[in-house]
Colleague: 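Got a structure for you, questions after.
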Amino acid sequence: MAGPMGRPMGGPPGGKRGMHGPMPKPKNTKGTIRRLLGYILKEKGLFFGMLIFAAISSIASVSGSLFIKPIIDDFLTPLIGKNFQGELVTEFFKMLGIMACVFFGGAIASYGQSRCSVYLTQKTLTTLRKDLFDALADLPISFFDSRPNGEIMSRFTNDVETLRQFISQGLTQFISSGVMIIGSFCIMLYLSWQMTLIVIAMVFVMVFVTKTLGKKSAFFFKKQQEELGSVNGYIEEIIEGQKVVQVFNHEEEVVNHFGGINENLRKAATSANTFASMLGPIMNNLSHITYALTAALGGMLAVKGVLSPGEIVAFLQYIRSFTQPISNITQQFNNAFMALAGAERIFEIIDQKPEIDEGYVVLVNATVDDNGNIHETEKHTGIWAWKHTHGDGSVTYTRLAGDIVFEDVTFGYTDEKTVLHDVSLYAKPGQKIAFVGSTGAGKTTITNLINRFYEINDGKIRYDGINIQKIKKDDLRRSLGIVLQDTHLFTGTIEENIRYGNLEATHEQIVEAAKLANAHTFITHLPDGYDTVLTGDGSNLSQGQRQLISIARAAVADPPVLILDEATSSIDTRTEKLIEQGMDKLMHGRTVFVIAHRLSTVRNANAIMVLENGRIIERGDHDDLIAQKGKYYQLYTGNFAENK
């Protein structure tokens, strides 16, 4: 909801809830990796700092094992059977001291790597969440209509969490393990090329196993993320509709349905983790086999005098330093696959086409001189005008009056089904136009088209004589005030929720708007008055009180055009009478579109449009339509008889 005096600060998007079908398979894994690295490299200092610290830590770990050969061959072996003293012992302890310093330096580097990783992870995710939220804010209403909120929320929760785990743990593991693998391989090749050949052969086996299992694991991890989004969406849907579930005794059906989609998640997660969990044990066993084979070959080479005991022990240590990082990397493939699946789902939202706005007519503050000429001004005057910049550079101003005209408008939410057929109507400034008809007749659709939540397929809608497709959407919506059947209140005080319609409104203006909607009395009787904090979409208020606040929010916006979409449907008859006078004041001098299921509320409308199957089948004021004894007569007399 918005008004000309203030632009809304942006709240949680809304949409229809419902189950969402399976999402597309992965499109471009390499492209996802490149984009993810692009986000990571926005913090180049932290990334390269983490890279350098990881390299130093790994080098320290690798080089520390170099001391094993001289310690065994140059110190321990010569001291066998001798007194543990003398110059050789002194040199031995010096060597141990140097070794300790190397490992201590590696520990400091490891700490630096950890700190850089934490900051890099959080800053990267902050940027990613911001881009994701910015993308959502620019998407059309149709996007939210086709997806459950829980499925969208899973992008911010589950998918972002998988990225956090990968960047903070997996990425650093890949870097440090890579350095250790390269360093260990070079030193092993230096110590014994014969034993290194065995290690290389086993590495090819490891790579083959990882590649085979990795493909299957990646597919099922993507499936797991999709099923998790479906589960979250269904849970949110049922929690919000719990009263309906219990009223109709559908607990068993809901539980059974949840069991089905939960079972789908279990199958996908089991398959994903089965292949992923197989990697670790297989890699460990292959590394043990590698260790045994090289130890046997090393023993044979030592017997022949090709290698010294120190070289054999050092080489075996480097096998651990070489194969353990490989095992670590394969175990991190679990996180990597999940992270890529999550990143792809996040980028899918970011890549959605934003709401297109090619409008160029804007809304400006204006003054009117004695000759009736309109002039633009920076000051708020209470007078608004459409600023129309033409192709030749000339500018014309049209005063905002609230004149709405539909000319042969045809519209369908999908190409397969047309909702409105050649609808034509007009609303002069200050007129009250009511729409009545059965559910699905197209009443709400008409108001959605005025807001340009959707674009018409054919025809024209003119606002003060201007095609609304030429008006910038933000400016168009600033001129409209809306009170919906489903109220939405944000977490905050009552005053903040009313001010949502006009961020520049003073406390006095808010109180005046509340009085206009007859909300002031019940607000002042609350313990904290206007400072009462609303939570859970205003769950601490009655449905009628929430609707009154929604009406006050529209009143403080002071819009020239007002749309009431069954605004009093959730208000009891007594409350409805209380606000009737206030609503009349609110509607005075404005163009008003009313959708109401209580036909008694539209009796004083200037024109009543009766819709059926997307067409206007009757039009006129109340008396005219009653005299015609058509559809409106049937609806009205049926409603009247029922109320009796």
Side-chain angles (χ1 to χ4, degrees), residues 1 402-406 420 423-451 480-487 516-518 544 547-548 550-551 554-555 559-644:
M1 203 287 302
D403 187 303
I404 306 289
V405 177
F406 277 60
L420 296 179
V423 171
S424 296
L425 60 91
Y426 66 87
K428 294 299 182 182
Q431 284 189 331
K432 179 180 178 181
I433 308 298
F435 299 106
V436 300
S438 57
T439 300
K443 304 184 296 295
T444 300
T445 298
I446 290 178
T447 59
N448 284 338
L449 296 180
I450 297 174
N451 281 284
L480 303 171
I482 306 176
V483 181
L484 299 174
Q485 177 182 3
D486 297 324
T487 61
L516 194 65
N518 270 349
Q547 192 67 278
L548 291 174
S550 179
I551 294 170
V561 177
L562 190 63
I563 298 173
L564 307 177
D565 189 350
E566 300 197 23
T568 59
S569 63
S570 300
I571 298 175
D572 56 68
T573 305
R574 178 177 176 274
T575 306
E576 183 179 2
K577 290 180 179 178
L578 287 175
I579 69 169
E580 195 171 76
Q581 184 178 3
M583 289 294 291
D584 287 340
K585 292 179 181 178
L586 177 61
M587 291 185 290
H588 180 70
R590 308 178 199 277
T591 305
V592 181
F593 293 94
V594 180
I595 300 173
H597 70 292
R598 294 179 181 173
L599 299 187
S600 59
T601 63
V602 300
R603 289 188 58 173
N604 62 344
N606 297 99
I608 300 173
M609 308 290 174
V610 183
L611 285 93
E612 190 70 33
N613 297 322
R615 301 179 188 275
I616 298 177
I617 59 173
E618 295 176 13
R619 68 181 76 202
D621 61 23
H622 173 76
D623 294 334
D624 290 338
L625 295 177
I626 289 295
Q628 292 177 23
K629 292 191 175 182
K631 182 69 174 179
Y632 179 81
Y633 175 82
Q634 296 174 5
L635 292 171
Y636 185 81
T637 54
N639 181 69
F640 180 78
E642 182 177 322
N643 286 339
K644 284 290 188 183

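Just so you know, residue 1 is the first one in the sequence shown, and it goes up from there. None of these values were measured; they are calculated from a predicted model.
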Colleague: Return yes if some donor-acceptor pair links the side-chain N/O of N606 with the main-chain N/O of K432 below 3.5 Å, else return no.
Modeller: yes

Colleague: Applying side-chain contact (heavy atoms from CB on, under 4.5 Å) between I563 and each of N451, I446, V483, N448, report the one that passes.
Modeller: N451

Colleague: From I626 CD1 over to R603 CZ, what is the distance, rounded to the nearest 0.5 angstrom?
Modeller: 8.0 Å

Colleague: Could you pull out the closest heavy-atom pair between I617 and K631, with the gap in Å?
Modeller: CD1-CB, 3.9 Å

Colleague: Mind running side-chain contact (heavy atoms from CB on, under 4.5 Å) on I482 and T447 for me, showing each step along the way?
Modeller: CA-CA 9 Å; I482 306 176; T447 59; over 6 Å; no

Colleague: Decide yes or no for V602 and Y632: does some side-chain heavy atom of the first lie under 4.5 Å from some side-chain heavy atom of the second?
Modeller: yes

Colleague: Got a second to check how far L425's CG is from M609's CE, nearest 0.5 Å?
Modeller: 5.0 Å

Colleague: Distance check, rounded to the nearest 0.5 Å: Q628 atom CD versus E618 atom CD?
Modeller: 5.5 Å

Colleague: Could you measure the distance from the CG atom of D623 to the CG atom of L625? Nearest 0.5 Å is fine.
Modeller: 9.0 Å

Colleague: Give the minimum heavy-atom separation between V423 and G614, together with the two atoms involved.
Modeller: CG2-O, 3.7 Å

Colleague: Just do the side-chain contact (heavy atoms from CB on, under 4.5 Å) check on T444 and F435 with the steps written out, would you?
Modeller: CA-CA 9 Å; T444 300; F435 299 106; over 6 Å; no

Colleague: Does any part of the side chain of R619, heavy atoms only, come nearer than 4.5 Å to the side chain of V610, both counted from C-beta?
Modeller: no

Colleague: To the nearest 0.5 Å, how far apart are CD1 in I404 and OG1 in T591?
Modeller: 6.5 Å

Colleague: Using atom types as modelled and distance alone, determine if a side-chain donor or acceptor of R590 lies under 3.5 Å from a backbone N or O of P559.
Modeller: yes

Colleague: What is the minimum heavy-atom distance between A555 and L516, and which atoms define it?
Modeller: CB-CD2, 3.9 Å

Colleague: Between atom CD1 of I433 and atom CD1 of I595, what is the distance when rounded to the nearest 0.5 Å?
Modeller: 12.5 Å

Colleague: Determine, step by step, whether D403 and K428 satisfy the side-chain contact (heavy atoms from CB on, under 4.5 Å) criterion, reporting the C-alpha distance in whole Å, the side-chain angles of both residues, the deciding distance to 0.1 Å, and the verdict.
Modeller: CA-CA 5 Å; D403 187 303; K428 294 299 182 182; 3.5 Å; yes

